[in-house]
Each structure stands twice: as structure tokens, then as C-alpha cells.
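Notes follow once the structure below has been shown.
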Amino acid sequence: MHSDSILKSLNKAQCRAVTSNAPTVAILAGPGSGKTHTLTSRVVWLVQQAGYQPADIIVATFTVKAAREMKERIRKRLGEENERKIVLGTFHSIARRYLATYGKRIGLDSKFAIADDGDSRAIIQRIIKRLDLKIEPSHAKAWISKKKSKGTTSTPKNGKQKDHPSLDICYREYQEHLARANLLDYDDLLVRCVELLEEHPSCVSNVQAVLIDEYQDTNGIQYDLMKLFAQARQRITIVGDPDQSIYGWRSAEIKNLYRLLRDYPETDEISLEENYRSSQLILDMSLKVIQQDTKRYEKVLLPVHTKGTKPVLRKLRSSPVEGEWIVSELRRVTSMFGGSLKNEDVAVLLRSASLSRHIESALGKAGISYRMIGGHKFYERKEIKILLDYLRVVYQPDNNDAVARIINVPRRGIGEATIKSLLEEAEKSKLSLWALLWRHCRGGRQATTKIRPIMEQKLNTELLKIISALRKKAEQISEMGSFSLVDLIEQLVNQLNFQKYLEAEYEEEHEQRWANVQELFNLAGDFARDFGNPEEEELPEIDEVEQAKEDDILGRFLANVALASDAQSDDKQQDKTCQITISTIHAAKGLEWPVVFVPSVYGGSIPHSRADDMDEERRLLYVAMTRAKALLYLSCPMYGPQGLSNKVDLSPFVSSFAAAFDQKGPSFDRPVVESIGRILGRVVPSEKAIFDKLPPLFCPEDDKFPIEPFDPKEADPLDPDAETQSARPPKKQKTRYGPSASGERQWKPEYATTMEQSDGFTMSSMPAFVTAGALAASKVKATSSFNAEKIDSKRGPKTDPTNRRPDQRSLLGYITTESKAPATAMSRRIQPADYSLARYEAAASRAARLAAPQPNNVCNERKPAIDPEFARHKIRGSKPISRSPIGRPATSELPGREYACFSSSPPRQESPEPPKDEPSATVAAPPKACTSFHSTTFTAMKPVGGVRRPVGLGPPPSMDRLRKPFKPLTINRPQSQPRKP
DNA sequence: TCGGATCCATTTTTT
DNA sequence: ATGGATCCGA
């Protein structure tokens, strides 16, 4: 293949990234910039143009899905033969392969298995209970994992944070337990692999190139691993985007970017700036979100597409209503696009998998099928876990945890206490649980301290018999190398009478559960077919380096289960075409859809209530929003899924510019439909064809739900008495809660306002504002004393949620305790109801409201809506610092450097869309749009892309380069840093 | 004393 | 829908 065919699908920057001859290449790539494409192209280039052997290339990804995607793409371009030879997978799976092949050298038993999350948790929990350590299991687990993930990170932990002494004990015990059971947990896979490669570099002596996807998500140990993989030739290519770093909780360290530059001073840095995915308005809005992070490195996102429609921020009354609205909007979209947008083009992205409930039920009611990515995993299902535990015992009889879990699973009359006692006895006599049982039942030695009645013994023989028979069979399989993994599982299921067990255990549900078992057969069959040949995953042979052959299909299957916890939803599933996708945001990374819904955008959900890194939560929202190609909908209910007892506030990540969104879904008139068709590169049917297909009574606009929803807890807003709470039933606790209620009905929280005022947002999109003045004033007067109290007790001085203008100091700085009330009044806004809707809504919901259970604890207890952190965030809206076309710091600091070849801007595709109603989006972005500085690149000819260092982080000059890794002027950067080996 | 059943609060993100 | 704690029948 000629190089042209590799390069023709690439823009200039991508081209440079693909063909760079530098030993290390760092690609900073925003969302939708063709990251994966570039990485795969580089692999193709290395093989076809640089003459690398496929077997000498390692490609590490972060998630299973990304690995699959890469594999697929490489296969298409290099052929299956080559693709198979490339060592490609997640860090964990690659590490496992090395350990399986070479682990003996570091004293690892070749039959090690992987302890999954549940195993780890159970083990730690038991240790803590047994030793009566005064620590929380989840905390201990996280602590241990963090410790392992750190690698040789040079961060000198600020030691003042003293860790609980029990943690160390727990850690030690945990590791001992794992070792005894011959288990490695996820982190151990990496830790041990680092150990292996440090001591035996020959194992990777063949490696010519290492490529890392989603680099921003690597943690310390993965960084070490990457370096070790590459130790022979030091050729590394990484792709990443700090803005999409969402795995900090797994110890991902963005600073690995700087470490790379420090450790490999000759690194070629390239930015991919074109966004080929989203409409311009979607990008603008996403940037508004991410730019609230003042510490981030700004980078350019050049929209390739036209403006599109404004993203929507929809308010709904409650979570169930939010689900209904999504259904109705989904129907509206698919209908109004006359089949050119299908359900499969739509995704609902959630912060937590548990938020899917109300969405799922709404979709279920509407008869719309969906698939869920993330959340409950197939292998986590009870019935599957049982079978897998059996298989694990077959593979590894000494895995006490698995034995303990299955010992009584088709009920055998063995209770908790007995199991515990057995475990203790086993430990005392230095036997595994399995060996103890075996000896007790077969070996005649009735060593059991706790004697079991007759019945149990018989049943135990059953267990033992089944398992030992299966073990024999498993051995045969590995000898014959046949496809009988499925046979093995079938035999297990039959002998356990598993179907009958399911029927007995899960009356109504057993059919579904049995179907899951069938699915397990399918998955095992697929695995045997795809990976049945052990050579499939084999590492390349290296001269004079001895390998262990990994020929046990059962072991590999179990490892695959542990590492690919995400069930392959691809095939098998029924018509994918009519399914919408529900996914966690984390699981959606790297994917894209024409239409994206992000529901539940409220504080507590999107900055998750348990999250401690607000910046990461914000990036999460950014990732979610940038998945959308053409239509983006955020929505927020007034009450969380728990019902009327927890009122929620709009997420602070969008509250300061909520008015910049549309309040309801766009009208799909002809120009809109066509422009979206163009963004998606799809042909939309003619107007007539669309309208002919619309069902009767179809509502073409998004107005089935009120724009300003009513608080179902409110009294009838038309009743003047209600406003003063006198018409309220006593249960509403008017004395405590009453006066605030009038304020609470406003959906837009009071703190959102100073920003909007000062920021020059037009008020037209917030009609409520303008007309609310008098009403607000009078109401505030009546309630001000209450509010003072509320601030006092609920917020405290440090939690002022006001989004201030950058030049404004905290309001509370001026205000003494006595004078808080006026302050509240200043920032308070009341959204008057849309009365016509009010009338309708009030009537419609009256019955429901009365029937609804009254919360006994009205929601005064809600936590501060905004973390104090945010109060200090500067919002950049009014100060377009990023807009100066020339003379930006980058230019002034390093004058005279060459820009031209850094610029990644490709010859811009001429947009097929005529300017129409709007002036060309690229040239004349509205002054408010934060991204509009891109426009300057267009007019100034020389794109001045790149990174802006936040002010106030003045680093010493020598460190400078490390702190702003992707400045555009890095091609001939001085090599002041000595290379570290 | 053990095992089973019932009731209760709960549910971040992933390898 | 899952795990933990409590209670009751052998």
C-alpha cells in the first residue's frame, strides 16, 4: 500500500502525527478530532511504511470497548493476519498476558486467577471483621488500590494526612490472602507486570513501538508499565485530552502528560484541533462548561460543522416526568426527521447507572427498546456469578472464597455459621477449604470441628462429585484442544439441576434468569470460537526467551470474564436498529451519537454528592455533552428520583449560563431539518414525505410539558391564598417551611443571577426575569428574615454559592450576619409562573397531588447547592481573554518560532451550507460565544492554536515547558531537560 | 445453636 | 433489585 492511501483521509495535523519520526509523539486531541483514526493510522504507517513487525507493536487502551474498536479498525486496514499479531488490549489484559507467559520468573504460579471487584471487597470486609479493624471496607479498598496504582510517581505525598494505622495491617492481610488463593487483583496485574519487566527486560526486548490511547486516564503504575514496555527502543505514541480525564478516582494522573515530556524531551507534540463531530453550538456550550475550570489548559476546538440548533436545557417537574419528556422528544425527533434519525441514533447519558430507572420505565411504558451500557453487568448477575464461581473452583480448587460462595448455593442446608467455622478450621490446619471438605467426605478424616448432620454430608458429596468430574473434563479439554468449553458449562448446569434451582428460587423471574444462563453458553461459545486457539493471544516469541504456553481455555475464559466485565452487547442482541442507548457517561467516552440526552443535571447527581473532585465532575459533563453530533438535550427535574422529599437544584456547572440554552426542544422546520441532515451527512426525506408519515394528532413542538414546571408541593399558584401558605394543608409544615416555599418554586436558584445580569446575556430568553421584578421585590420583603436564617444555618459563610463576576469579591465579604437578608434579596429572583400553563397544569395535577404521599420531612435539609469551591471559580463569559487574535502569551513568550507547521488546521472543508439566515458561523461568532476566538484563526490565516497557561501559575522558567505541554511552538524546543532512562 | 425468612435501607464512575 | 440485620422455627 502506498503512503498516500494512508494519508489521504487525514488532515494536516493528523498527518504529522501519523508520520512523525520523533521517538516519542504526544498527540493532544480534543473530542471528535479523529483521535482513534489517527492512532490506527499511525499503527498502519508503522507497519507499512516504517517496516515494523506487527508483533513488535504494543497498543494499550483503557477500556475494553476502546480495545475492540481499535482492533476492528486495524483489522480492516492491515488484515486479520497482521492485526492478530499486534499486542493490543487494555493495560490489564496485556499485563495478564505477560504474566501468564513469563510470570514464573517472578515466582508467580502459572494458574493464577484474577480477583474481581467483588472478591476484593469481600476479602477486605472479612479481614476487617476478623481483626476488628476500625475502618470502612470501601475506604480501605480504595486506599489499597490507590497505593498500588501510584507506581513510582514522584509525588512526595504531603505526609500530614496521617493514614489510619489499621490500613497497613489490612493491606498486608489482604495481600497474604490473595497470595494464598493464588489471586491477583486488578492493580496487582499491573504491579506484578512492572516487577516482571523491570527484572526481565528481555521479555519486551522485541518491542519497537508502544501506543497508548486515552493517555489522560493512565495512572502512575500504568505510566511505569508504558515506559517498561518501551524500554528497548523508547518509541512511544500517546493520544489524550486532559479535558476528558474522568478516571481520577482510579488514580489517573493528568500530570503523566508532563512526566512524559520530562522523561522524553524529544517528544513531538501535536494538537488536533478540528472537531468533526459536533455542531458549532454544541461545541460552544460544551466549552462554556469546561472553561469554568480555571486551572485547565485551554485549547482550540475548531468546529468543522455549521451552527446547528441551540442545545436545550429542559426543566421538568419530577424524574418520572423527565422520563416521559425524553420519550416524547425522542418520538418528536424521529418523526420530524422522517426516518433519517432512528432510535439507534439516540443516547441517554447518565452520571450514575442507578439514574436509569425512571428513564427505563418511561421507555418501557412507551414500548421503546433500549440497551444499557455500563451499570449492571451481565457477569454480575446472581445466577451467572454462581456458575462462574463453580467454574473458578473447577479451575482453582484452592480459591476459598469461591468455594464458600457455592457451598450452599443450590441449598444444601449449610448456613453462614458453619461456613465461617469451616473457613476458620481450614485456616488453622493450613488446608484450603476444598481440601478440608474433601478430606472430611472422602478421606475419612473427620477433622471437622463442627459436625454436620447426615443430610449435608450427602449433599456435599454431590458438590465434590460434580466438581471433580468437571475438573477431569477440563483437563481433557486442554489436552484435546477441542471446543468443549460449552460442554463443560452444560455439564455443570445439568448436574446442578440449575434450571430447577432457578425455578424454585425465582418464581416469576426464572425464565429471564434461565435466558441469562443460555446467554452464558453463547458467550462461552463465542469465546471458544474467537479465542479457542491459544495462539490467538500469544505473545511473540523472542529468541532465547522461554515462554510458558497458556493452553488452558477455562483459565483464559475466566480471565476474560474478569477483564471484560462488559458483556459484548454487539451481536446477539435483537435489532440494534430500533434500540436507543442508555449509558453511563464513563462508558460513553469515545462514542458519539447524533442525538444525546443528558438527564438529571442537578447538584448531587452531576457533581455527584460523593465526589470530591469538582473539576473532574465538570469534565464528566463536558464529555457527555461532546458526545452529541447534532442535537443535545440537558434536562433537570425539580425533584430527584426519591420523590417529593428531595428537591434538587440545577447543576452549578450550567446554572450560571442556563439562559444560553433553549428552554425547550427546537422547532424542526425545514431549514433546521436540512441543516442537521448536513451535519450528520444524511439525506433527509422531503417535507411532504415526513408530514405524510406523521401520526394523527402528532404534536410537532416540544410543548407537551410546561417550560416552567410547577412544584407539585406548591399550593395552587392561582390561588392568592396559596402564595401566603394559608391554603396549605397543615402537613406542609408551614411554620418551618412555609415562607420559603414561594421562593423554592423558582426553578432557577437564586445564586444564578448576578452572573446573568453582569454577563451580558440577553434576558429575552428568560422572560420570567423581566417581569418578575415587582413580584420578587414584594415577596422578598416578606421572606427576608427567614432567608437570613436559612443562609445562616444551611449555608454558612463559606458556602456562598454565588457565581460572581471575576472582578467581584464575595458578597458575604461585605455582609455581616445581621445584614444577610438584603444580600439575599439582591440576588434573589422569582420566576413567575406562566399562568396559562399554570391553570392547565394545576387542574391536571390536582388529583395526583392530593393522592401523592405527603413527605413528612420537607426538604429543608438540602445541602448547599454549590460547593464552596465554585464560589471562587471565575467565569469567563464577560472577559474574553481567549479572544485576542494575536499577541497571546504563546506568541510573545517565544517569538520568532515557526507556526506554520505546527498548525493542525487542515484546509477547511468548505461547508456545503450557505450562510442562510446567519452569517457564516465561523467568521462571525456571536460575541458571547466563548469559542469565538476560533474565528480569528480563520481570518488571520495563521491559526494561532494552542494552549493558554492560566495566569497566576507562574512557574520557574525551566519548569515552564512541563506545565504547558502543548504549546504550539514545540518543534524546536530547547532540550534543557536531561533525558531520564 | 443453626438455618431460613422477612424486613430494611441503599445504589458513582471501571479494569 | 441486593445486602445486612433481626427474628423465629427446628
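Please read these numbers as outputs of a predicted model, since none were measured by experiment.
With Leu183(A) as reference, Asn399(A) is the one residue of Asn399(A), Asp116(A), Ile114(A) to meet the side chain to side chain contact (heavy atoms under 4.5 Å, CB included) rule. The only member of His510(A), Arg513(A), Gln512(A) that meets side chain to side chain contact (heavy atoms under 4.5 Å, CB included) when paired with Glu383(A) is Arg513(A).
In this structure, Phe91(A) reaches neither bases nor backbone, as no heavy-atom distance under 4.0 Å exists between it and the strands shown. Nucleic acid contact class of Asp117(A) (heavy atoms, under 4.0 Å, all strands): base.
With sequence neighbours excluded, the residues that form a ring pair (Phe, Tyr, Trp, His ring centres under 6.0 Å) with Phe62(A) are Tyr247(A). Taking the ring pair (Phe, Tyr, Trp, His ring centres under 6.0 Å) definition, one finds that Tyr174(A) meets it with nothing, sequence neighbours left out. With sequence neighbours excluded, the residues forming a salt bridge (Lys or Arg N to Asp or Glu O under 4.0 Å) with Lys141(A) are Asp117(A), listed by chain and number.
Remark: Lys147(A) fails to qualify as a cation-pi partner of Tyr171(A) under the 6.0 Å distance and 45° angle criteria applied to the six-membered ring.
Comparing dT13(B), dC2(B), dT15(B) by their nearest atom to the side chain of Thr63(A) picks out dT15(B). Taking only side-chain atoms of Arg610(A), from C-beta outward, the nucleotide of dT13(B), dG3(B), dT11(B) with the closest atom is dT11(B). If you check dC2(B), dT11(B), dT15(B) against the side chain of Leu563(A), the one that comes closest is dT15(B). In the set dT11(B), dG3(B), dT15(B), the nucleotide with an atom closest to the side chain of Ala417(A) is dG3(B).
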Considering only nitrogen or oxygen atoms on both sides, find all protein atoms under 3.5 Å from nucleotides 5-9 of chain B and state each distance.
{"from": "dA5(B)", "atom 1": "OP2", "to": "Arg411(A)", "atom 2": "NH1", "distance (Å)": "3.3"}

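Residue Pro410(A) comes nearest to Leu496(A) through the heavy atom pair CG-CD2, 4.1 Å, listed as atom of the first residue, atom of the second, then distance.
Between Ile419(A) and Asp612(A), the residue whose closest nucleotide on DNA chain B is further toward the 5' end is Ile419(A).
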Which dot-bracket string describes DNA chain B (Watson-Crick N1-N3 plus N6-O4 or O6-N4, or G-U N1-O2 and O6-N3, all under 3.5 Å; [ ] crossing; | other strand)?
|||||||||......

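Under a 4.0 Å N-O distance rule, the pair Lys35(A)/Asp241(A) does not qualify as a salt bridge.
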Contact pattern, 5' to 3', of nucleotides 2-10 of chain C - B, S or - by protein heavy atom under 4.0 Å:
-SS------

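Distance, Leu349(A) CG to dT14(B) P: 12 Å, rounded to whole Å.
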